[in-house]
Amino acid sequence: MSEQLSDRYSPQEVESKIYEAWESAGYFKAEDQSTKPPFSVILPPPNVTGFLHMGHALDHTIQDVLIRWKRMLGFNTLWLPGSDHAGIATQAVVEKNLRQEGKDRLEMGREAFLAEVWKWKKTYGDRIYSQMKRLGDSVDWDREVFTLDEDVSQAVKKVFVHLYKKGWMYQGEKLVNWSPPLQSAISDLEVVHKDTKGHLYHLSYSIEESDEKIIIATTRPETFLGDACVCVHPDDSRYKDSIGKNVVLPITGRKIPIIADEYVDQDFGTGALKVTPAHDFNDYELGKKHNLQFINILNVDGTLNENGGPYQGLKTQEARKQIVKDLEEKGFLVKTEPHQHAVGYCDRTGAVVEPFLSKQWFVKTKDISTPARHVVSNETIKFIPEQWTKTYIHWMNIIEDWCVSRQLWWGHRIPAWYCDDCGGVTVVEEDPSSCEMCQSKNIHQDEDVLDTWFSSGLWPFSTLGWPNETEALKTFYPTSVLVTGHDIIFFWVARMIMMGLEMKGDVPFRQVYIHGLIRDSQGRKMSKSLGNSIDPVEMIDKYGADALRFTLMAQMATGKDLKFSLQRLEGYRNFMNKIWNATRFSLSNLEGFEVPVEGINATVPSSSLTTADQWLIYQTGLVEKEVNEALEGMQFSEAANRLYSFVWHEFCDWYLEFSKPILYGQDEQQKKTTQLVLAQTLNRIVRLLHPFAPFITEEIYSKLPIRSEACIVADYPEYEKDQKWLSLGSKESSFEMELVKAVILAIRNIRGENSIKPSEKISVWLSPQDDKSQKILGSNKSEIMRLSSLVECYVESRESLKKCAVTPIRIDNSVIDVVIPLEGLVDIEKEVDRLNKQIDKQQKDVQKLKGKLSNERFVANAPEEVVESDRQLLATLVSQVEEMQTALERLSN
RNA sequence: GGGCCCUUAGCUCAGUUGGUUAGAGCGCUACCUUGACAUGGUAGAGGUCAGAGAUUCGAGUUCUCUAGGGCCCACCA
């Protein structure tokens, strides 16, 4: 205990040491079988080659707080870490890298390329994990899983086959969202629609065997190459006679019919619509309905194919320019008007997405989404905050079939084999040697891989050993809570719910806590391209992990986005330092303190406790109760802020100041008592703070006289279970302390307002107007003197004093006049002004309250207690005004 | 076009079932190096809770509308 602590807390010196100690002691490990109640959280797997950003820091801190809290409460906690292969993102990074070395994926071939990706994964796969350790994540590393691990791959295949057999996984030649740079299909969710300025081109198509023309309007003129018909509304008088005739397409001269369908909006454009079934989702539906020709004009790379005629080889954008030019020259372009419309972009590459006809695998969502919707609407799964329930259900209502095949190499290969002889498809879990239909050996596997989110969707059970009925699965599924951002509710949360219900027959988690996104101080999204992202590891290096965690938690209120502020971070760094110094002070004054054998259960007779002791213990109880309640309700900022103000403004500001005279004094008996209170309270504070600030609390805990094995596995203080200690405090003592504090504040206020220097010692008369106050003041006189720098303090009435500042204090029914003679000390006029101002302000409140109480309906309708407390308040205010008026007189006389 | 959210002190934000005189941090002003901490202490200034209406004895808190800002979903060519 005599160990010297430095006067500043330096996280750099303790954090890594502490983390290693936790890990090697095995504190993070969950038990597959346990008598303890389970509490499990599956970490949203970060991109394996990614690095920790502020969003992760927030997401992880929330989970770690919950896990540490529950662990201390005695739960069998599992926080399961893992990482995601992130198909597109990782493949893109590796490809880019190879290109710089002059290598090309296609030239290398599948196997060689995948070897490169695995090499990359091995090099960078641990980076994110070491960053998680810096944050303090108490995950069970022994259970770490990667989405491409053998077990997970088996689970993926099993699910695929299961869905296939059920008819819910099917292959179809459909119009999909195609990303030309990726040369792959992407799902609806991976398309972001942005309003884009474009043009509405009016093209003139001539009607066959006549001089008539029909004008159509389009935003994508190049697609005319794939037009299958022109469509008008059957009731449109302008075009009635044209229906059934053919038009001749410009440039190519190809002939297509004019048909009618009520789908067409007569008021938009010219009321005549060109239909390109292979390149537009609406046209696709029309094409199916009217059995139209599907003319694909694109190659996989987004260039025009042989159907593009003279434009073959050009990219769509280039082709558009050229075609507009040509049409204009030949007189087919009637007019061009500016037009804003939604254009789909690939969220990975930013390229314009092309609707593209191709053969893909789809998950039929109709049947699988119904139960997934129900479990949320009937609150088997609860979203926090609730508002996301609506969003989720809305999406579930409009969900389309999910395109899960990707024309990539990095990912789970689709377990489908095609027969070169009979053309049959074999979908099985184990690689087959022959075709299921004709037994031919000439089979080859589907070249494509699955959408990354397909394997992510299985994460809550695939990570626990499924399809084997493992103990872990029995113990920890369904998991307790899923913590994530709202940006992946559809991508991930919804898919996990669907898959969990289908494969496990139960929800994957009971609660979904949706937090906001981290923004910069100006409210912009943090992004690499804006250059405004803040590296959490850098912040940890500079301010410590605890400060960063506390900053995030103190702001984590409603699930709203939160702005990250360095000033705030600095403030919580200071808070950590405050805790450190409070400990330093305490420990230096605990020298010679004998640790009681009962340890944390040791008490003293309540009669030996000072007012401040009892007050502190009472406050400790309140904090224990409130913090647990806040955490129970996922009110993280509530919990963090409550702890902040308790530690700083109650423990440090008042209790430690009150303890000084005793600790520095000669009364050994009293000193012992205070030391016990100090040791007991510090222990509780450290445990309460641990989930939020694990490193500093563990470090401090190891130096405390009263402690157990380690803070991380110590009991979390709970009001009900801590009664042996907490019952030493009382509401009554708390009241006494409030009275003493009020007296001290009143004196300090006068000093401060009148700029009476601390060095200038003054005398004060305290005039209690009842016996109770008299007693309280008498027993706390020395503390009052010390904390307000008094040279003399008389607890007695002295009406004869002149030119005094008088501050009336009233708490409950106790009234005290604090009387300070000011003659010779200050400008009396100034004090008169100050008092007058206060009286004015107070009188306004009195008027307001009087009005309220004279309202008969208020008195008649409001609950008795509300009326009563208002009456008392009014009485207090009125008497305070009177007393201040008296004070004014005494000041001037 | 549909849906969700936000607007409270100079700044960033708390304020979950409506009820004492609306809070915090930072910043600001004044004073203070007092034996844990200047990453500190003490005191202070600063708000008609975006606006209007409604419900209620009572609204920052519930409802409606308006203004401003943000987000999500959506095939009008």
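Quick note on labels: first sequence line is chain A, next is B, and so on, each numbered from 1.
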Polar side-chain contact Lys390(A)-rC4(B) base: donor and acceptor under 3.5 Å: no
Could you please name the option among rA77(B), rU42(B), rC37(B) that lies closest to any side-chain atom of Thr218(A)? rA77(B)
Classify the side chain of Arg573(A) versus the base of rU39(B) as yes if they form a donor-acceptor pair under 3.5 Å and no if they do not. yes
Which nucleotide wins on minimum distance to the side chain of Leu849(A), given the candidates rU21(B), rA77(B), rU42(B)? rU21(B)
Sugar-phosphate only, base, or nothing, as touched by Tyr263(A) at under 4.0 Å among non-hydrogen atoms: base
Are any side-chain N or O atoms of Asp561(A) and backbone N or O atoms of Leu517(A), one a donor and one an acceptor, separated by less than 3.5 Å? yes
ring centroid sep under 5.5 Å plus plane angle under 30, Tyr664(A) with rG35(B): yes
Under 4.0 Å from OP1 or OP2 of rU20(B): is there any side-chain N or O of Lys852(A) that close? no
Does Lys390(A) make a cation-pi contact with Phe383(A) (under 6.0 Å, within 45 degrees of the axis)? no
Taking all atoms of both residues into account, what is the closest heavy-atom pair of Pro355(A) and Asp280(A), and its distance? CB-N, 4.0 Å
Tell me what Gln635(A) touches on the nucleic acid: a base, only sugar-phosphate, or nothing, going by heavy atoms under 4.0 Å. base
Given the structure, check if the side chain of Glu657(A) and the base of rA36(B) hold any donor-acceptor pair shorter than 3.5 Å. yes
Does Asn589(A) offer a backbone N or O that forms a donor-acceptor pair with the side chain of Gln675(A) under 3.5 Å? yes
